[in-house]
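Let me begin by presenting the structure, written as structure tokens, before commenting on it.
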Amino acid sequence: MISIAGTGVRVRLLGPVEVVVAGSAQAVNGLRRKAVLATLALHAGRVVSVDRLIDVVWGDQLPATAANTLQRHVSYLRGVLGEPGSIVARQPGYLLDTGPDSTDVQAAERLIELARRSTDRNEQVKHLTAAVALWRGPPLADVAGSAWLEEQAEHLARLRLEAERSLAEARLSVGEHAGLVPGLERLVRQHPFDEHLHAQLMLALYRDGRQGEAVATYRRLRDNLRENLGIDPGPRLRDLECAILRQDTAIAAPAPAAAVPVAAQLPPPVPTFTGRDAEIAALDALVDRGGAVVVSGTAGVGKTAFAVHWAHRAAARFPDGQLYVNLRGFDPAATPTEPARALHGFLEALGVPAARMPSDPDTMVSLYRTTVAGKRLLVVLDNARDAEQVRPLLPGSPDCLAIVTSRDQLIPLVVTESAQPVPLGLLSPGEARDLLVRRLGERQVAAEPAAVDDIADRCARLPIALAIVAARAATNRHFSLAAVAGELGDLDAFRAGDEATDVRAVFSWSCRTLSPPAARLFRLLSLHPGPDVAAPAVASLAGADGQTIGPLLTELTRANLFTEHTYGRYAFHDLLRAYAADLADETEPPAERRDAVHRLLDHCLHTAHAADLALHPHFSAISLPPPRAGVTPERPRSRSAAAAWFTAEVPVLLAAVPLAARSGFEGHAWRLAWTLAGFLHRQGHWQDWLGTQQIALAAASRIGDQAGQGHAHRSLGLACSRLRRYDEADDHLRRALDLFSDVGDDAGRAHTCLNLGQLAERQGQHQQALRHSRRALTLFRGTGNRAGQGYTLNAVGWQEALLGDYHSALASCGEALRMLQEVDDVQGQADTWDSLGHAHHQLGDDRRAIACYEHALELFTQVHDRYAEASTYVNLGGSHRALADLGATRAAWSRALTILDELGDADADSIRADLEQLDATRQH
């Protein structure tokens, strides 16, 4: 396979100067080096003389060794860019050559030009939005001191302003006035005398039904101009004010554009929510200020219900969407959600495709804040542990509002981020009564006012306790409320003034109403580590069958002790989980608790292993001990079923790995991490992949399991390679190789050698990559693994092609294809057909190359590998172009563009540019 974007290198100048290689930001150290890179990048594709470079970089401070120092700087930059040929020495100087759109400036200029040439306003909005998003701050922000570069920075700042003006104009023309106001208000503050921006803001306000604010905007500008410049606004602005005052139909909003899907991650609101009028008013007053709000209070006080209720109520004020994540900061059985994992979910919801998902957490934060810049979003960060967990998730845009809920007051956020505190106390007596009215009805509550007050007091006016008592009363209408209150009074666990103890008493009473099997299940469920659990896993945890478990789950959900938040998946409130865990400690013997955890881990491991094999049937499987009695693993048979299972269960599996490690099930820990690695790899969850494998390595080391250590080191090597931590990757892979050698695992050695080859290729070391691949091939032949031999022969052939030995590449890939056909590995065959097409193309036999690419396309369609399909269409188009068949070239590239647009992949823009160039060629 060859990459659509070539080296995947981009130099970023629209902010601090940096290099992005394969989606990962690479720092450029040193002011002079950044200045050299910026100067070359601003002349991308053109030669910059040595004298010119020296003049820009050193100016009047010219050292005697400037020419030699410049050579060293260029050598350093080639290393950062990852390709020796990225900076070419060409008389009289140097040329940056990393392909089209190799700088964000080129990309922005091209998008702005596409918008200028388009007559479709929606297309203009699309291109200009993408262009403006490329600015990460003041351009060339960290190369101050060079007069020429400072001039370029001013030019790029003006370019951004013009793009923002044009974008506002296009959005006004398609009826997007409401979402424009916050961004235009920011621009007007930055450019207080800009009449064009003021006109756009006035028009947006007027079309949003805010006529008075539109007129006030004009008058503020008029007064400002008179006071500071001694002039009045121009005739265009004066005419617009008059049109607004007389409500001229000529400036009315156009028909609204078709709705664009936006993020809508909020959980459903609590239908019986009541009260909190003062806190709602406080949030209403803060809605237009942006920033962050911290909603804090004791456990069970209803922070989540309040935040979600207000968020739904205010959703219309945030037209660009609502994001939500449960950070699980105080979950007694699971670790808090990592910010990188939450960011991954946010970026997916905001439309960032997996192919563009950064691996580095800091880059992920930067992309998140760039993506939300100029948008009006509501972000709900629920159940936060501390300020450090929250900070990376704050949108950083004045047009967005973040609502953070936590049991902690999060004082550091209030101090350093100017977050507004909104403390949530207990319900007032009136609010507690209203809650019972909403759940039980006015008639029943009004009939026994004293009992209602008694219930409220004994429940400490805590919403979750009141909800459980109300559920008891609602399902037993023949009970009087006085009897319900009396049941509460009979519990010895009530302690005056201790809210947590009162709540535990309510839970205790509620559990006493359960049948013995349901009560036991309630206790055992606290041992499950994930945020939620599926019914089959519940059955294995309890050592029961599905027919037995179904009615017990129904009993728990009806008692409001468990919630079926999604069909077939159940969750605890965290207080209930903690209480159930205490009951399990008090009631269940240690041996039975350990057996239940063992059954649960067996269920996770055997099901994950089956799902992994369904996705990769020819992958070398690890051996598993048989599951315990009472465990019924799931058996997803198809690729789609296996992928769906992993998608639903990955949070559970991520929690199960550390549970196994800390519970003395070290073998389960490393094997679970092994089964999870492939899915985390494909989904781009690099940090989770790394973290689970670190736990796996520690667990396998504790029990002296060399095979487990080998698998963990190998997977850590792959994860580090994806994170561009190449030295660590090499160390882990070589340790894996030694361990597999010690235990005589030739299959493990073969896979590791193949991975060492891939690591070398990623670093441009093609000869070394070829040596590793050939060694892997020898080992695979010794094991008799035909699929492994096929994949490795294709890797050998690909590396031979990269080294220019195309005839050898054809021989290697041809043998690979025969083997992969024997074992019916469709993915491997598709990859190999594409490699064969590349070799034939390089040899000038494009008719044969076309036939190979068409075979590859047929197979990629079968395995639903959309990105590979698009890449092959690009290659197919290249072969058609070599044969001067421009019609077929356009058809292939157009198909590639359609797929990449559907995937939201950034490579679509380069293909679009190639098509425009092709059309220009055909016209001549």
Side-chain angles (χ1 to χ4, degrees), residues 1-8 45 85 97-102 110 766 794 796-818 820-821 826-863 865-903 905 907-924:
M1 297 295 297
I2 62 173
S3 167
I4 291 176
T7 62
D97 182 18
T98 54
D101 276 8
S102 60
R110 183 179 56 76
H766 300 308
N794 184 43
V796 167
W798 177 246
Q799 286 147 15
E800 288 170 337
L802 293 177
L803 291 166
D805 190 355
Y806 304 117
H807 291 289
S808 294
L810 288 174
S812 299
C813 292
E815 187 178 354
L817 184 62
R818 287 189 292 276
L820 292 164
Q821 287 171 336
V826 177
Q827 179 77 48
Q829 292 175 55
D831 291 338
T832 306
W833 277 117
D834 186 88
S835 298
L836 287 165
H838 174 67
H840 284 303
H841 172 68
Q842 294 297 328
L843 288 169
D845 191 350
D846 281 288
R847 296 195 184 281
R848 187 168 293 179
I850 289 169
C852 292
Y853 289 139
E854 288 175 345
H855 278 301
L857 286 168
E858 180 183 355
L859 297 176
F860 280 134
T861 302
Q862 291 181 29
V863 296
D865 193 335
R866 299 280 282 159
Y867 185 84
E869 186 182 351
S871 179
T872 303
Y873 270 119
V874 173
N875 301 339
L876 176 64
S879 285
H880 280 304
R881 188 170 192 181
L883 294 173
D885 188 346
L886 300 188
T889 303
R890 194 181 203 293
W893 286 355
S894 295
R895 182 61 183 147
L897 179 61
T898 299
I899 296 171
L900 292 171
D901 277 336
E902 289 172 359
L903 294 174
D905 194 275
D907 289 331
D909 289 334
S910 64
I911 304 305
R912 191 175 285 107
D914 289 342
L915 279 168
E916 290 175 358
Q917 186 178 33
L918 180 69
D919 289 341
T921 301
R922 295 177 72 188
Q923 289 172 3
H924 289 85

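These numbers were taken from a predicted model, which means no experiment stands behind them. For reference, positions follow the sequence shown, starting with 1.
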Nearest heavy-atom pair of [X] and [Y]: which atoms, and what distance?
X    : Y    : result
G878 : W893 : N-NE1, 3.7 Å
T832 : C813 : CG2-O, 3.2 Å
A849 : S879 : CB-OG, 3.6 Å
R881 : T889 : N-OG1, 3.0 Å
A816 : N794 : CB-N, 3.5 Å
L836 : G814 : CD2-N, 3.9 Å

Under 4.0 Å between a side-chain nitrogen and a carboxylate oxygen: does that hold for R890 and D919?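 A salt bridge links R890 with D919.
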
Is there side-chain contact between [X] and [Y], with heavy atoms separated by less than 4.5 Å?
X    : Y    : value
V874 : D914 : no
F860 : Q827 : yes
D846 : H840 : no
L810 : L843 : yes
H841 : N875 : no

Could you pull out all residues at least two apart from A811 that satisfy side chain to side chain contact (heavy atoms under 4.5 Å, CB included)?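 For A811 there are no side chain to side chain contact (heavy atoms under 4.5 Å, CB included) partners, ignoring immediate neighbours.
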
If I take atom [atom1] from residue [X] and atom [atom2] from residue [Y], how far apart are they, to the nearest 0.5 angstrom?
X    : Y    : atom1 : atom2 : answer
I911 : L897 : CD1   : CG    : 7.5 Å
L900 : R895 : CG    : CZ    : 10.5 Å
L803 : S808 : CG    : OG    : 10.0 Å
Q917 : R912 : CD    : CZ    : 15.0 Å

Test your reading of the model: is there a side-chain donor-acceptor pair from Y853 to the backbone of H838, 3.5 Å cut-off?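 Yes; at least one donor-acceptor contact below 3.5 Å.
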
Given L883 and I850, is the side-chain contact (heavy atoms from CB on, under 4.5 Å) satisfied, shown in steps? CA-CA 10 Å; L883 294 173; I850 289 169; 3.7 Å; yes

Applying ring pair (Phe, Tyr, Trp, His ring centres under 6.0 Å), name anything that partners H855, two or more places apart in sequence or on another chain.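 Partners of H855 under the ring pair (Phe, Tyr, Trp, His ring centres under 6.0 Å) test: W833.
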
